[in-house]
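Notes follow the structure.
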There are 2 protein chains.
Amino acid sequence: MLVPPRAGLTTEIVVETAMKIADKEGIAQLTLFRIAEELGVKSPSLYEHVDGIEGLIKLLRLRGLKIMAREFQRAVIGVSGDEAIRRFADSFRSFVKEHPSLYSLTVESDIEDDEEIRAVAGEILDTIYAVLRIYGLSGEKLIHATRYMRSAIHGFVSLEISGGFGLEVSPDESFDLIKEVIVSNMKNWL
Amino acid sequence: MLVPPRAGLTTEIVVETAMKIADKEGIAQLTLFRIAEELGVKSPSLYEHVDGIEGLIKLLRLRGLKIMAREFQRAVIGVSGDEAIRRFADSFRSFVKEHPSLYSLTVESDIEDDEEIRAVAGEILDTIYAVLRIYGLSGEKLIHATRYMRSAIHGFVSLEISGGFGLEVSPDESFDLIKEVIVSNMKNWL
DNA sequence: TGTTTTACCTAACTACATTAGGATATAACC
DNA sequence: GGTTATATCCTAATGTAGTTAGGTAAAACA
């Protein structure tokens, strides 16, 4: 049959499709109508698989955090110290460039009560902690240093994807410098 | 008359009201209907004063940038060097806490073709340049250093307002440390 | 004072999210 | 294999928001 009587959707397929639309066409284009069209069904049918647009966005947020957690862990496996920081920063930036909309969703956590989301976010934090503990950081110092590193990297990539930097001067070079600044700050944290 | 026949609106009043709603109730509540209700008119009437929701948001973005430009300039008047950096950072954070929604609008510039917006954004950059030139920075070094400082401060405050930090460890203390890290980095920029 | 302009209105249209209820393919079971 | 049950899809209809068209009366002006 050219048009199968059932599309054979799953929550997984809907989330995957939503992710592609969000990252390729922007978050504004992410409507149930648009997703349904892409999947060859009508928008009310999606309610069988996701809990409305709100529920879908929660799933996207979780998906984004899971990908980040995985990529960050892979990035720092087998390395430590300065090189681990550089690889973490690079994998962070790569993720954001590949999934700009997904990333923006992961930031808008808004007092997240979802247990699973909290767990994956905790995994990401643990990866950072593992990297920074090599520098002798622990306790509150570790927390402050982590906040600093997250701020600098998140700040850079979020300004970058929203077009906040001019392009006459190379953003790659700026990012390289920022990585080195972070590295040197960790070597003798206040 | 209890109900005046004309509300006597101006673009200014509409923008001001929109700003209050956005910052107090969140960007999601910022609808023409909500603004009209607040002003005692019907939503189509707003089209006399602003160019739809899109035009209103552009005005809000401009308004946000103008306030920022003014506050940052005032913050660093009469001081220079380390203290100027600290005051800039503090006024940045204060603005974002007071106008979280307005701030988020200023970040989503998206290849802004608006000449006025570009001009005000340039003013803000000039203030930062003026502060950092004291450290002997110029040319590309100045650009890189500026990007670093913006990234760290923007990163911190945007993570902070979106609830990205736990509260067991004081965010104020983290921010104080970040300011000192930035100061020391400027003293011997790479 | 008469005329024009402006600021508001109602009515109506579009887009999107959502719910209710129905049809049938697919799966489960006998 | 035939019957039943469930799940997946549908159409129809509702609510909210943005927007446009066109009307009316207040305000500005000459």
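Keep in mind that what you see is a predicted model, and the values were worked out from it rather than measured. Chain A is the first sequence line, chain B the second, and so forth, proteins listed ahead of strands; every chain is numbered from 1. Only this structure's heavy atoms are used, side chains among them; waters, hydrogens and symmetry mates stay out.
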Separation of [N] [atom2] from [X] [atom1] (nearest whole Å):
X: K42(A); N: dA20(C); atom1: NZ; atom2: C1'; answer: 18 Å
X: L32(B); N: dT14(C); atom1: CG; atom2: P; answer: 19 Å
X: L56(A); N: dC16(C); atom1: CG; atom2: C1'; answer: 14 Å
X: L46(B); N: dC9(C); atom1: CG; atom2: P; answer: 9 Å
X: I21(B); N: dA17(D); atom1: CD1; atom2: P; answer: 12 Å
X: L30(B); N: dT16(D); atom1: CG; atom2: P; answer: 18 Å
X: I27(A); N: dC16(C); atom1: CD1; atom2: P; answer: 15 Å
X: I35(A); N: dA15(C); atom1: CD1; atom2: C1'; answer: 15 Å

For this session: Look at S45(B) and dA7(C) and indicate whether a side-chain polar atom (N or O) is within less than 4.0 Å of OP1 or OP2.
Result: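 For dA7(C), neither OP1 nor OP2 has a side-chain N or O of S45(B) closer than 4.0 Å.
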Exercise. Under 4.0 Å between a side-chain N/O of Y47(A) and OP1 or OP2 of dA17(C), yes or no?
Worked result: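 So the side-chain polar atoms of Y47(A) never come under 4.0 Å of the phosphate oxygens OP1 or OP2 of dA17(C).
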Nucleotide nearest [X] when distance is taken to its side chain, options [options]:
X: H49(A); options: dT18(C), dT10(C), dC9(D); answer: dC9(D)
X: T31(B); options: dG18(D), dC9(D), dA7(C); answer: dG18(D)
X: I53(B); options: dC10(D), dT19(D), dC8(C); answer: dT19(D)

Please list, for nucleotides 13-15 of chain D, all pairs of protein and nucleotide N/O atoms separated by less than 3.5 Å.
none

Exercise. Using the benzene-type ring in the case of Trp, are the ring centres of Y148(A) and F175(B) under 6.0 Å apart?
Worked result: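 No.
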Exercise. Ring centres of F95(A) and H99(A) under 6.0 Å apart?
Worked result: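 Yes: the rings meet the under 6.0 Å criterion.
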Exercise. Do R147(B)'s NZ or CZ and the ring of F165(A) fall within the cation-pi criteria of under 6.0 Å and 45°?
Worked result: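 Relative to the ring axis of F165(A), which defines the angle, R147(B) lies inside both limits.
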Problem set entry | Spacing of OG1 belonging to T11(B) relative to CD belonging to E48(B), to within rounding of 0.5 Å |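 T11(B) atom OG1 to E48(B) atom CD measures 10.0 Å (nearest 0.5 Å).
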Exercise. Any side-chain heavy-atom pair from M149(B) and F88(B) closer than 4.5 angstrom?
Worked result: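 They are in side-chain contact.
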For this session: Any side-chain hydrogen bond (donor to acceptor under 3.5 Å, both in side chains) involving residues 129-141 of chain B? Give me the pairs, sequence neighbours left out, ordered by first then second residue.
Result: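 Listed once each, the pairs are D82(B)-Y135(B).
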Exercise. side-chain contact (heavy atoms from CB on, under 4.5 Å) with S170(A): which residues, sequence neighbours excluded?
Worked result: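 Only D172(A), E173(A) meet the side-chain contact (heavy atoms from CB on, under 4.5 Å) criterion with S170(A).
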